[in-house]
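Inspection log for the structure reproduced underneath, given as structure tokens.
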Amino acid sequence: MLRAAAAASAIFPARFAAAPAVAAAAELRSPLLRVLGTLRGGRSSVLLGRRARFCSNSSDTEAAAAEAEAKAEDGTVAEGEADGKASSAIVPTNPQIEDCLSVVALPLPHRPLFPGFYMPIYVKDQKLLQALIENRKRSASYAGAFLVKDEEGTDPNIVTGSDSEKSIDDLKGEDLLKRLHEVGTLAQITSIQGDQVVLLGHRRLRITEMVEEDPLTVKVDHLKEKPYNKDDDVIKATSFEVISTLREVLRTSSLWKDHVQTYTQHIGDFNYPRLADFGAAISGANKLLCQEVLEELDVYKRLKLTLELVKKEMEISKLQQSIAKAIEEKISGDQRRYLLNEQLKAIKKELGLETDDKTALSAKFRERIESKKDKCPPHVLQVIEEELTKLQLLEASSSEFNVTRNYLDWLTVLPWGNYSDENFDVHHAQKILDEDHYGLSDVKERILEFIAVGKLRGTSQGKIICLSGPPGVGKTSIGRSIARALNRQFYRFSVGGLADVAEIKGHRRTYVGAMPGKMVQCLKSVGTANPLVLIDEIDKLGRGHSGDPASALLELLDPEQNVNFLDHYLDVPIDLSKVLFVCTANVIEMIPNPLLDRMEIIAIAGYITDEKMHIARDYLEKNTREACGIKPEQVEVTDAALLALIENYCREAGVRNLQKQIEKIYRKIALQLVRQGVSNEPDQEALSVTANEETSSGDVAAAKDEILKDSAMEDASVTNNIINRASEEANEVNLANEAVVHEVHTTEAPKTDSVSEDKDTDGAKEGAGDKAIEKVVVDSSNLGDFVGKPVFQAERIYEQTPVGVVMGLAWTAMGGSTLYIETTRVEEGEGKGALVLTGQLGDVMKESAQIAQTVGRAILLEKEPDNQFFANSKLHLHVPAGATPKDGPSAGCTMITSMLSLAMGNPVRKDLAMTGEVTLTGRILPIGGVCFLCIPYSSLALHFFPYQCA
């Protein structure tokens with residue numbers, strides 16, 4: 001509104017007319033105008049006889065129309081008021097203005113129109129616009145301007161856009177009348193340009209009743225201010241405060257200054273009511289507060305309302321000034337800092353203390369490549385020189401500069417021709433491999449062969465080895481051990497789920513945020529050109545819209561191609577022939593054939609029970625005990641416990657689950673020891689260093705260390721047959737029994753442990769060392785207290801195998817397993833030979849049963865020609881564990897044996913198990929593989945492991 005009023009002063013020029021000398025003399029006697037005159041420098045005496053009209057939000061075309069209208073009305077002068085004051089600022093052009101008792105109602109959507117101000121509005125209702133044009137032609141160019149009320153439930157302070165205006169234009173008659181405020185302004189229509197109408201406010205009106213609906217015409221009453229005393233001190237003080245506030249605003253806002261100066265130059269009669277209207281009109285208050293000023297007829301109350309609005313505007317002006325000052329200070333500070341930095345750079349450059357960024361970067365890159373010039377390929381050196389020359393020609397602020405800088409950074413940081421010294425000592429390699437892994441003779445033998453060939457040749461070539469086997473057999477750790485045995489750097493990256501070729505071959509440099517592939521990142525990370533690279537989970541490669549990573553790996557893993565491996569980002573050939581690639585996979589069938597053809601497969605079948613025992617005892621238990629902070633003399637896990645743990649809880653091929661179970665045991669032991677008051681102090685040397693620095697605290701620490709040493713020695717000397725207090729009170733353990741085992745779930749343990757902890761706290765001074773910490777022993781009898789109930793149970797259900805029952809061998813996800821095949825006779829009669837199958841058998845296994853019946857019938861006919869068992873017996877063949885799906889061809893010989901045992905009435909040996917596919921002619925085909933093991937839960941001497949997992 002402030003800007004609108006300022007613009008109005010420039011658009012609608014004032015119209016001046018000479019006033020009588022008597023009026024000028026009367027105005028000089030007005031104290032109000034003398035005070036207002038000070039706002040513009042005391043020029044009020046020259047401008048007292050002039051009058052003006054003001055408007056807001058108008059255009060140049062409206063200014064021309066208003067100027068023409070003003071010239072036509074320049075000769076009309078209103079008579080002075082009864083008290084001798086000068087004529088009003090708004091001089092009526094129509095002598096019958098008092099007779100305007102019925103006017104067309106114009107809705108104002110944004111702000112009310114105050115007397116003495118112009119306002120342009122847009123009339124979209126063509127019928128209403130035509131009525132205004134007709135009224136202007138009849139010299140009755142007046143209308144009523146009324147502010148539109150807000151819709152119910154809306155906030156007047158929130159801008160709602162043009163939807164509200166559209167809804168107002170759609171209202172007619174009674175609906176529109178309800179949306180208009182009762183008090184408005186009698187406005188003169190000064191000009192009409194298209195659908196734009198310029199209004200000039202004259203006096204206040206109040207709607208009394210509706211005359212016509214379309215266009216809305218209403219009867220009005222002309223409102224006048226209530227009588228007031230011009231000499232009233234309160235009114236004078238309020239008006240002076242308004243003027244004083246306006247003067248304060250002049251110092252902070254040039255926009256307000258333009259408004260006030262223009263108004264004081266052109267107003268003819270600046271009395272108290274006009275002062276209140278002026279302050280409210282140019283303020284930025286919302287429309288409801290302005291409407292409240294318009295409706296107020298009491299001059300004092302109107303001045304008071306205006307004073308509140310002007311005060312608020314002054315605070316806004318101060319806030320605006322502070323914001324502008326803060327922004328200006330920030331901008332000037334940043335500019336000053338920038339100029340000083342530039343001057344500092346120029347001074348340092350002149351003195352030779354510092355070079356610019358491009359020179360420093362070039363020097364850094366040249367220094368990097370200087371030590372590698374003899375080993376770096378010539379084509380790479382040529383590319384580096386070209387890029388360095390290009391870098392000097394580019395501006396530091398350009399995007400191409402950053403791309404070139406990053407490219408040179410990668411080119412110069414790679415280990416061109418830098419190879420680590422390999423160790424070809426076979427005995428050293430054998431020692432390291434045996435230290436890290438138990439068994440795995442095939443893998444170790446292949447690595448030793450590789451080292452032996454390298455020793456005879458004097459150099460080694462890169463190879464691609466693929467370790468395949470089930471999870472948890474140590475494929476990844478084998479790769480790390482190989483790198484340590486060969487004295488090579490180790491780098492691992494997983495390609496499981498990889499679906500982007502750029503991860504292998506890199507991105508093009510034209511892309512934003514481009515990066516080289518994994519192999520270039522590997523060479524930068526390890527710093528040598530002959531590392532050992534472990535590509536994990538190569539059988540789980542993905543394939544997406546960005547290409548096929550398996551095809552991209554062909555160039556990387558092919559010994560004939562990786563001599564000149566080309567990364568998309570570097571775009572220069574890289575020699576990877578010295579890199580030893582080790583891949584891991586769970587199922588080699590998932591690897592694409594072209595990629596599988598380039599790798600040497602080494603199968604890791606898993607670990608048998610004996611190997612798991614050694615691994616658990618020599619590796620897993622030792623590492624877990626150290627990780628839990630438990631001393632060897634504080635715990636003992638027997639071989640029987642480890643054997644039961646392997647057989648009843650961890651039958652999988654790997655040892656990962658075995659490690660989890662051992663960690664679970666030691667965590668429970670650690671909790672039990674802490675409850676008993678054990679506190680194993682870690683680093684005794686650190687405590688002694690602390691004692692030397694702080695004497696007083698050092699004495700206490702030394703005494704504590706001595707106590708712990710004595711306690712540890714005492715614990716080591718105590719026999720394994722010590723009885724804990726809880727078991728002694730319960731009389732549940734005999735003194736002559738074996739080692740006493742502490743159970744974690746004993747209810748008395750917390751009480752005993754708390755007492756023990758208290759005694760250990762005061763032990764050194766009071767000599768309370770009579771209670772020794774008891775050693776925890778884990779045996780097969782109490783293994784369930786640490787790891788829960790067994791997961792697997794023994795599968796032998798017959799002590800003596802009955803007639804028609806034979807034990808077979810099967811393959812499961814856990815490795816080998818045994819199962820029974822049972823056959824019984826359901827019905828016997830002439831020609832009733834039939835076969836019923838149950839046990840959730842697959843199609844292949846059902847076909848094997850039909851073949852078994854045919855072959856068994858032929859064998860029985862050959863051995864006992866008179867035996868009509870198969871012809872006259874209805875047989876029922878069942879494979880127990882009916883909830884487990886079963887399928888495969890290898891149960892043929894087992895089914896034949898079961899049927900013949902029933903037919904001949906002879907039971908099968910109890911220590912016999914069999915497997916193998918049978919042909920229709922009675923031939924048994926070779927099986928996948930058999931591993932001779934000792935199975936403790938069964939007296940069998942056979943355990944089946946197929947080569948698929950071997």
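Heavy atoms only: backbone and side chains are in, while hydrogens, waters and symmetry mates are out.
For I924 against V918, the heavy-atom pair with the smallest separation is CG1-CG2, 4.1 Å. Across all their heavy atoms, I538 and A585 have their closest contact at CG2-CB, 4.0 Å. For K475 against L467, the heavy-atom pair with the smallest separation is CD-O, 3.4 Å. What you find for A429 and L448 is that their closest heavy atoms are CB-CD2, 4.0 Å. Between Y607 and V655 the shortest heavy-atom distance is CD1-CG1, 3.8 Å. The shortest non-hydrogen separation linking A852 to M895 is CB-CB, 3.7 Å.
Partners of Y438 by ring pair (Phe, Tyr, Trp, His ring centres under 6.0 Å), not counting sequence neighbours, listed by chain and number: H614. Under the side-chain contact (heavy atoms from CB on, under 4.5 Å) criterion, Q853 pairs with L835, Q850, F870, M899, not counting sequence neighbours. The side-chain hydrogen bond (donor to acceptor under 3.5 Å, both in side chains) test applied to E822 returns Y798, not counting sequence neighbours. Judged as a side-chain contact (heavy atoms from CB on, under 4.5 Å), and not counting sequence neighbours, the contacts of E435 are K431, R484. Remark: R923 engages no residue in a side-chain hydrogen bond (donor to acceptor under 3.5 Å, both in side chains) (not counting sequence neighbours). Every side-chain contact (heavy atoms from CB on, under 4.5 Å) that R656 has, sequence neighbours left out, goes to P471, K660.
Distance alone, capped at 3.5 Å, places no donor-acceptor pair between the S898 side chain and the T894 backbone. Using a distance-only test at 3.5 Å, with no hydrogens or angles considered, a donor-acceptor pair links the side chain of D539 to the main chain of V587. Of the possible donor and acceptor atoms, none in the side chain of T624 sits under 3.5 Å from a partner among the backbone N and O of E621. In this structure, the side chain of K612 does not engage the main chain of E647 through any donor-acceptor pair within 3.5 Å. Between the side chain of S901 and the backbone N or O of T897 there is no donor-acceptor pair closer than 3.5 Å. No donor-acceptor distance shorter than 3.5 angstrom exists from the side chain of K886 to the backbone of G842, with no hydrogens or angles considered. Looking only at distances, no side-chain donor or acceptor of Y666 sits under 3.5 Å from a matching main-chain atom of G629. Counting only distance, with no hydrogens or angles, the side chain of Q661 and the backbone of L658 share no donor-acceptor pair below 3.5 Å. Under the 3.5 Å distance criterion, the side-chain polar atoms of D887 are matched with a main-chain donor or acceptor of V844. Side chain of T818 to main chain of G808: no donor-acceptor pair is present (N/O by atom type, distance under 3.5 Å, no hydrogens or angles).
In this structure, CD1 on I591 lies 7.5 Å from SG on C583, to the nearest 0.5 angstrom. Here the straight-line distance linking atom CE of M613 with atom CG of D618 works out to 10.0 Å at 0.5 Å rounding. With rounding to the nearest 0.5 Å, the separation of CZ in R909 from CD in Q800 is 11.5 Å. Annotation: the span from T801 atom OG1 to Y820 atom OH amounts to 5.5 Å, rounded to 0.5 Å. To the nearest 0.5 Å, atoms CD1 (I482) and CD1 (I447) are separated by 3.5 Å. Taken from CG in N657 to CD in Q659, the straight-line distance is 10.0 Å, to the nearest 0.5 Å.
Side chains of F581 and L532 form no contact here, defined as non-hydrogen atoms less than 4.5 Å apart. A heavy-atom distance below 4.5 Å is not found between the side chains of R617 and I615. Residues L819 and M807 form no side-chain contact, since every pair of their non-hydrogen atoms from C-beta on lies 4.5 Å or further apart. Using a 4.5 Å heavy-atom threshold, the side chains of K540 and M590 count as separate. Between V803 and N906 there is no side-chain heavy-atom pair separated by less than 4.5 Å. Side-chain contact between N423 and H428 is present, with at least one heavy-atom pair separated by less than 4.5 Å. Looking at heavy atoms from C-beta onward, V879 lies in side-chain contact with M845 at the 4.5 angstrom threshold. Using a 4.5 Å heavy-atom threshold, the side chains of R625 and P632 count as touching.
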Exercise for the section: Start with the C-alpha gap between Q634 and V776, add the side-chain angles, then the distance that decides, and say whether side-chain contact (heavy atoms from CB on, under 4.5 Å) holds. Expected result: CA-CA 6 Å; Q634 293 174 341; V776 179; over 6 Å; no

Problem - side-chain contact (heavy atoms from CB on, under 4.5 Å) assessment of F450 paired with L580 - result: CA-CA 10 Å; F450 174 79; L580 176 59; 4.2 Å; yes

Problem - Step-by-step side-chain contact (heavy atoms from CB on, under 4.5 Å) determination, I478 to H437 - result: CA-CA 8 Å; I478 291 172; H437 294 84; 3.5 Å; yes

Exercise for the section: Test I604 against L440 for side-chain contact (heavy atoms from CB on, under 4.5 Å), laying out the working first. Expected result: CA-CA 7 Å; I604 304 176; L440 304 179; 3.5 Å; yes

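A salt bridge links D434 and K444; the closest N-O separation between the charged side-chain nitrogens and carboxylate oxygens is under 4.0 Å.
A donor atom on one side chain and an acceptor atom on the other are found under 3.5 Å apart for D436 and S481. Looking only at atom types and distance, the side chain of T638 has a donor-acceptor partner in the side chain of D779 under 3.5 Å away. At a cut-off of 3.5 Å, with distance as the only test, no side-chain donor of S468 or N586 sits close to an acceptor on the other residue.
Exactly one residue among N648, V778, L643 makes a side chain to side chain contact (heavy atoms under 4.5 Å, CB included) with L783. That residue is V778. I665 pairs with exactly one of V635, L645, D785 by the side chain to side chain contact (heavy atoms under 4.5 Å, CB included) rule, that one being L645.
Ring pair H876/H878 is perpendicular by interplanar angle, where above 60° counts as perpendicular and below 30° as parallel.
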